Amino acid sequence: MALQTQNENSKMLESELVGSFEDAIKYGYIYAYYQPQINHSTGRMIGAEALMRWKHPIFGVQMPSDFIPVLEKNNLIYRADIHIFETVCAFQRKCMDEGLNIIPISVNMSRYDIFNTNYVDEIEAIRRKYDVPVRFLRLEITESSAIGGTELITKVLRELHEYGYTVEMDDFGCGYSSLNILKDLDVDVIKLDMAFLSGEIGGRGGTILSSIVQMTKWLNTPVIAEGVETLEQADYMKSMGCNYIQGYLYYKPLMEEEFLNVMQKLDHEPLTPAMHLIQMLDTGKFWDPNSMETLIFNNFVGGAAIFTYSIETGDVKILRVNRKYVKEIGMNMNEHDMIGHNPWENHDADSRAIYEGVMKRAIETRDEEMCECWRNFSSDCCGDDKICIRSYIRVIGEAENEYLFYAMVQNVTAEKRHQAQLFEDESRYKTAFEQANIYAWEYTIATKEMRPCFRCMRDLGFPPLLKNYPEPAIEQGIFPPEYADMYRDWHKQLEAGVESLEAIIPLTVGRVPFHVRYTLEKDENGKPLKAYGSATLVVE
């Protein structure tokens, strides 16, 4: 028998709500509305939230603020939440069967669901029943629901993550212990309630919101601003780095068909963190002074530092250094001095360009990059000095145009000065080599490989490595045919352990006489290792 509405949209009594609950579930009077979530910067849809609604056939639409507390009080909210979860799974399955591009939809999870030990198993069974990929389902828990039951909630979140669900914290900032909850619970997305601003843009509330958004960047956690009703609010949140919006500014909660039309009309994009951290780095443990990560950072790696770099401004801020970093840099500076110091003051223009170049390369490659830069230091006790620092840097996090770097450093000043001295000596050696008309080469006995000097490569056209030596030189005509067998026999004698050989040999097609010598090097067991050859022009 059809029921006639007596007083449409009139508030029901608690007894009436409880008494009609079974029919509401059975006949779909409790159902889902969907509110899209939008990237305010791109206009694309990143997801939606499923909101519970109840329309009684006689009393009409009931307000969630009226019926949800009644369901919670009478231990019925668990079944209602499970019903909405199944409704969403059925909707996603329908869209998939029709070949539509679907988006993730969030479903609310109350503290009463969490205290039911079968909750995770039951929703997972429903998801499998409809064969919906887990990436298209998210679960929301309110901050107030987490207070007082952290241990149990942590266990439930761990089980959800094991199945691959994304977990969102709803109404963040409205509870009494927000930071404590954020510290203790491993949530994937944070939803900020715009009611936190109390209708005022900026002010103390805005400052706190900005701090929360910045903090979530370093926690690798995306943020969605919920309850955004004006363009001014949306632009304000965007200015502090929160682009994801849910609220009446874009869409009110929509019936399924309306939502389906919007979902097909808008482009989609994935929800991504404002801050991305390399997964191998557990930042929570890293900043804990008593953790193993900190122990390793301070004692078992070389000189190391953590710093940020802004692409827009070029500013570098050192956040943390270890004792070995202080020792490598030296110049009577301590950790406090280095953290409060602007590192660019020690770089000249060329050095800064090199370092910024390698940072940008590390951002692009997402791999470790190396550079060497000379830095200028000055102190009252040590005076002025210039040191060369070799840096190995890697990006470990990013937040919009700001990047977090891990750097390991070595003071290579002595090494670079030694290399400079060797280069100077080598230049003089090459000059003397040219004037003496000497060719030289190195021959490896076991592999029959010859490495020529720069003059051999320049004048004779030799490559940097000749294999199966001496055949390539004989084939090229460097050794005349009548001397070829003698030269081959020399290499057999070297292999047998003859320590030195020499003779006057006319070389090249011009048959120019050269004094050719070989000196043998043996290993610690007396086995022939290498032979060093030279050819000196015979001056008549």
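None of the values given here were measured: they were computed from a predicted structure.
Judged by distance alone, the side chains of S41 and N243 do bring a donor and an acceptor atom under 3.5 Å apart. Side chains of Y250 and H40: a donor-acceptor N/O pair is present below 3.5 angstrom, by distance only. Counted by atom type alone, E269 and T42 present one or more donor-acceptor pairs between their side chains at under 3.5 Å. Looking only at atom types and distance, the side chain of S106 has a donor-acceptor partner in the side chain of E168 under 3.5 Å away. Under 3.5 Å, the side chains of E258 and Y34 contain no donor-acceptor pair of N or O atoms. A donor atom on one side chain and an acceptor atom on the other are not found under 3.5 Å apart for Y119 and E159.
For R127 (side chain) and V132 (main-chain N/O), a donor-acceptor pair under 3.5 Å exists by modelled atom type. Between the side chain of D170 and the main chain of I141, no donor-acceptor pair closer than 3.5 Å is present. Not one N or O on the side chain of T221 forms a donor-acceptor pair closer than 3.5 Å with the backbone of D188. Without hydrogens or angle criteria, S351 side chain to W374 main chain gives a donor-acceptor distance under 3.5 Å. One N or O on the side chain of Q92 and one on the backbone of F136 form a donor-acceptor pair closer than 3.5 Å. Proximity of a side-chain donor or acceptor of T444 to a complementary backbone N or O of T447 within less than 3.5 Å is not detected. At least one donor-acceptor pair closer than 3.5 Å links the side chain of H161 to the backbone N or O of L157.
For the side chain to side chain contact (heavy atoms under 4.5 Å, CB included) test with I387, the passing option among V412, N411, N346 is N411; the others fail. Here the rule is side chain to side chain donor-acceptor pair (under 3.5 Å) with Q35, and of E226, E49, Q246 only Q246 fits it.
Within the model, atoms CD1 of I77 and OG of S110 stand 5.5 Å from one another, a figure rounded to the nearest 0.5 Å. Interatomic distance, CE of M237 versus CG of L192, reported as 5.0 Å (0.5 Å rounding). Here the CD1-CD distance, from I102 to Q264, works out to 12.5 Å after rounding to the nearest 0.5 Å. A distance of 11.0 Å separates CG of L254 from CG of L260, quoted to the nearest 0.5 Å. To the nearest 0.5 Å, the span separating OH on Y355 from OG on S391 amounts to 4.0 Å. Between the CG atom in N261 and the CD atom in E256 there is a gap of 11.0 Å [rounded to 0.5 Å].
The local environment of CG in D367 is crowded, with over 12 non-hydrogen atoms from other residues, nucleotides or ligands closer than 6.0 Å. The environment of E364 atom CD is sparse: at most 12 non-hydrogen atoms of other residues, nucleotides or ligands sit within 6.0 angstrom. Crowding of M63 atom CE: a count of heavy atoms from other residues, nucleotides or ligands under 6.0 Å not exceeding 12. Surrounding CE of M457 are more than 12 heavy atoms belonging to other residues, nucleotides or ligands, all under 6.0 Å away. For CD of E98, the number of neighbouring non-hydrogen atoms (other residues, nucleotides, ligands) closer than 6.0 Å is greater than 12.
Nearest heavy-atom pair across Q233 and E229 is OE1-N, 2.8 Å. When every heavy atom of V88 is checked against every heavy atom of A50, the shortest pair comes out as CG2-CB, 3.6 Å. Across all their heavy atoms, M45 and P36 have their closest contact at CE-CB, 4.0 Å. The shortest non-hydrogen separation linking M96 to D131 is CE-O, 4.1 Å.
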Next on the checklist: Checking E369 against R394 for the salt bridge (Lys or Arg N to Asp or Glu O under 4.0 Å) test, could you report, in this order, the C-alpha distance in whole Å, the side-chain angles of both residues, the deciding distance, and whether it holds?
Outcome noted: CA-CA 7 Å; E369 300 290 344; R394 180 189 293 272; over 6 Å; no
Next on the checklist: Go through it in stages, so that I can follow the logic: the residues are R352 and E345, the test is salt bridge (Lys or Arg N to Asp or Glu O under 4.0 Å), and I'd like the CA-CA distance, side-chain angles, deciding distance and then a yes or no.
Outcome noted: CA-CA 10 Å; R352 175 169 176 168; E345 293 179 2; over 6 Å; no
Item to check | Check against side-chain contact (heavy atoms from CB on, under 4.5 Å), I105 and F259 | outcome: CA-CA 12 Å; I105 296 179; F259 174 66; 4.2 Å; yes
Next on the checklist: Using side-chain contact (heavy atoms from CB on, under 4.5 Å), reason through I190 and I224 one step at a time and then give a plain yes or no.
Outcome noted: CA-CA 6 Å; I190 288 175; I224 300 174; over 6 Å; no
Item to check | side-chain contact (heavy atoms from CB on, under 4.5 Å) evaluation trace for Y251 with L266 | outcome: CA-CA 12 Å; Y251 294 99; L266 293 183; 3.7 Å; yes
Item to check | Stepwise side-chain contact (heavy atoms from CB on, under 4.5 Å) test for M109 and R111 | outcome: CA-CA 7 Å; M109 172 177 61; R111 67 185 293 114; over 6 Å; no
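With sequence neighbours excluded, no residue satisfies side-chain hydrogen bond (donor to acceptor under 3.5 Å, both in side chains) with N376. Scored by the side-chain hydrogen bond (donor to acceptor under 3.5 Å, both in side chains) test, N118 finds no partners at all (sequence neighbours excluded).
Under the 4.5 Å side-chain criterion, counting only non-hydrogen atoms from C-beta, V167 is not in contact with V189. Looking at heavy atoms from C-beta onward, I389 lies out of side-chain contact with Q410 at the 4.5 angstrom threshold. The shortest side-chain heavy-atom distance between K238 and I245 does not fall under the 4.5 Å cut-off. Taking the side chain as every heavy atom from C-beta outward, E122 and I82 approach each other to under 4.5 Å. Considering only heavy atoms from C-beta on, I311 stays 4.5 Å or farther from E402 through its side chain. In this structure the side chain of E368 never reaches within 4.5 angstrom of the side chain of M408, judged on heavy atoms. The shortest side-chain heavy-atom distance between L71 and W54 falls under the 4.5 Å cut-off.
Below 30°, between 30° and 60°, or above 60°: for H347 and W344 the angle between ring planes is above 60°, a perpendicular geometry. Note on ring orientation: taking the six-membered ring where Trp is involved, the planes of F405 and Y403 are tilted (angle from 30° to 60°).
Classification of E124 and R128 as a salt-bridged pair holds, one side-chain N sitting under 4.0 Å from a carboxylate O. Salt-bridge annotation for R323 and E328: absent, with no side-chain N of the basic residue lying under 4.0 Å from a carboxylate O of the acidic one. A salt bridge links K191 to E140: at least one charged side-chain nitrogen sits closer than 4.0 Å to a carboxylate oxygen.
By the 6.0 Å and 45° rule, R93 does not stack over the aromatic ring of Y130. Note that R53 lies outside the cation-pi zone of F67, set by a 6.0 Å cut-off to the ring centre and a 45° limit from the axis.
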